[in-house]
Amino acid sequence: MNKAGLDLALKLLIVIVIDDRAEKVTELFRERQVLLHYHVRGHGTASSAVLNMLGLDKKEQTVILAVTTRQTAYMLHKRVANKLHLWEAGHGISFIMPLSGISKVALRFLEHEMLREIEKSEESDMSEINEGKKQMEHDLILAVVKRGYSEELMEVARTVGAGGGTVIPAHRVTTAAPLRFWGASLQEEKDIVAIVSKREAKANIMMAINEKYGFKSEAQGWVLSLPVESVAGIAEDED
């Protein structure tokens with residue numbers, strides 16, 4: 001397989017866990033020598049009652065993002081799920097997303113993984129990879145709103161099928177002059193609310209968010225969705 005073919009096989013593996021579990025995920029990545037992985041701080045959106053029910057005593061979370069080859073992504077996805085018991089409620093979530101391109105510099109970082117993947121392809125469970133690609137039953141919804149509206153937004157999202165989400169504090173980068181659009185001054189401090197939902201619930205969640213927290217509202221929000229190939233950490237009967 002040439003580099004171009006491997007490039008198209010690259011995946012983004014995302015793991016979201018409470019802070020004290022992040023090091024366990026990092027250990028697995030180090031064992032596999034995954035070079036391109038990063039940590040982002042966030043916090044959960046579940047209510048105190050839900051946190052108590054799930055056995056969680058804090059809401060701080062770590063979002064771990066890794067760019068790696070397809071086989072490595074699925075292998076780590078499975079190992080993370082097993083080591084952190086993601087099949088049990090409240091232990092975290094792991095999911096895989098497709099990539100459509102990558103820079104040449106990043107591709108060079110991944111060359112050793114690609115070669116190893118070719119040489120030891122028998123180590124990967126290809127049936128599991130193909131099954132994950134075939135299912136595609138979930139989407140990642142990203143809603144960007146003014147700081148302070150994330151909890152309200154999640155309450156609305158839950159009424160139409162969302163389970164929980166992760167809030168990542170963000171800062172809109174703009175020009176030196178204040179940016180105005182439709183007569184509104186755009187606030188720089190933002191919250192990115194990430195929600196993994198079942199595909200059949202996606203449209204209702206996005207419409208509900210946009211209706212109450214869209215760009216013309218005080219929250220000045222916007223929302224998008226991305227396909228997810230495989231998910232661990234969401235109960236099968238979750239609405």
Side-chain angles (χ1 to χ4, degrees), residues 1-3 5-44 54-56 58 60-136 138 140 166 168 194 196 226-235:
M1 186 181 297
N2 59 31
K3 288 183 180 179
L6 281 166
D7 185 0
L8 295 177
L10 294 175
K11 303 294 178 183
L12 177 64
L13 172 62
I14 301 178
V15 182
I16 303 175
V17 291
I18 57 176
D19 285 352
D20 57 5
R21 292 175 174 265
E23 185 57 32
K24 293 181 180 179
V25 179
T26 302
E27 288 174 4
L28 290 175
F29 286 9
R30 286 174 183 156
E31 291 173 5
R32 189 64 183 184
Q33 297 179 357
V34 176
L35 297 177
L36 298 180
H37 74 276
Y38 308 91
H39 287 206
V40 179
R41 295 299 302 277
H43 63 270
L54 297 178
L56 303 179
K58 58 181 180 180
E60 291 77 13
Q61 296 179 344
T62 299
V63 181
I64 305 167
L65 305 98
V67 177
T68 186
T69 55
R70 176 177 57 197
Q71 292 181 14
T72 296
Y74 274 87
M75 181 271 291
L76 286 173
H77 174 63
K78 184 175 182 179
R79 289 191 181 179
V80 166
N82 289 335
K83 186 166 186 175
L84 273 63
H85 305 288
L86 297 190
W87 316 115
E88 301 174 14
H91 285 215
I93 184 171
S94 173
F95 55 96
I96 296 170
M97 302 182 68
L99 294 181
S100 59
I102 192 169
S103 70
K104 289 183 178 179
V105 173
L107 196 57
R108 291 194 189 101
F109 273 102
L110 296 167
E111 280 181 347
H112 79 287
E113 283 193 54
M114 295 174 176
L115 293 173
R116 181 177 59 200
E117 191 167 289
I118 293 173
E119 295 169 357
K120 299 183 179 181
S121 58
E122 67 275 7
E123 292 181 358
S124 297
D125 185 350
M126 293 304 296
S127 63
E128 181 183 351
I129 292 174
N130 293 332
E131 183 65 23
K133 291 179 65 179
K134 185 169 63 177
Q135 290 177 359
M136 298 285 283
H138 295 81
L140 172 64
T166 297
I168 303 171
V196 177
L226 300 163
V228 171
E229 288 190 1
S230 184
V231 176
I234 294 182

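Note: hydrogens, waters and symmetry copies are ignored here, and every other heavy atom, side chains too, is used.
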*asked:* Please evaluate residues S94 and L13 with respect to the criterion side chain to side chain contact (heavy atoms under 4.5 Å, CB included), reporting the C-alpha separation (whole Å), side-chain torsions for both, the decisive distance (0.1 Å), and the verdict.
replied: CA-CA 7 Å; S94 173; L13 172 62; 3.6 Å; yes

_Any residue meeting salt bridge (charged side-chain N to carboxylate O under 4.0 Å, His left out) with K24, in chain and number order, not counting sequence neighbours_ =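 Residues passing salt bridge (charged side-chain N to carboxylate O under 4.0 Å, His left out) with K24: none at all.
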
_Partner residues of R41 under the salt bridge (charged side-chain N to carboxylate O under 4.0 Å, His left out) criterion, sequence neighbours left out_ =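 With neighbours one apart ignored, the set is D19.
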
Note, [X] side chain near [Y] side chain (heavy atom, < 4.5 Å):
X: I96; Y: L12; answer: no
X: K83; Y: E27; answer: yes
X: M97; Y: L226; answer: yes

Measure the [atom1]-[atom2] distance between [X] and [Y] for me, rounded to the nearest 0.5 Å.
X: M75; Y: L28; atom1: CE; atom2: CG; answer: 8.5 Å
X: Q61; Y: I18; atom1: CD; atom2: CD1; answer: 8.5 Å
X: T72; Y: K11; atom1: OG1; atom2: NZ; answer: 12.5 Å

*Ignoring hydrogens and angles, tell me if any N or O in the side chain of H91 forms a donor-acceptor pair with the backbone of L84 under 3.5 Å.*
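Indeed, once roles are kept as given, a pair shorter than 3.5 Å links the two residues.
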
*Exercise: identify the closest heavy-atom pair between A22 and I64*: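 That would be O-CD1, 4.0 Å.
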
*Charged N to carboxylate O below 4.0 Å: is that the case for R30 and E23?*
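Counted as a salt bridge, because a side-chain N and a carboxylate O are separated by less than 4.0 Å.
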
*Which residues satisfy the side chain to side chain donor-acceptor pair (under 3.5 Å) test with H39, sequence neighbours excluded?*
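T26.
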
*Have a look at V67 and tell me which of L99, L107, V34 forms a side-chain contact (heavy atoms from CB on, under 4.5 Å) with it.*
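Considering L99, L107, V34, a side-chain contact (heavy atoms from CB on, under 4.5 Å) with V67 is found only for L99.
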
*How would you list, by chain and number, every residue that makes a ring-ring contact (aromatic ring centres under 6.0 Å, His included) with F95, sequence neighbours excluded?*
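Checked F95 against ring-ring contact (aromatic ring centres under 6.0 Å, His included); zero matches.
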
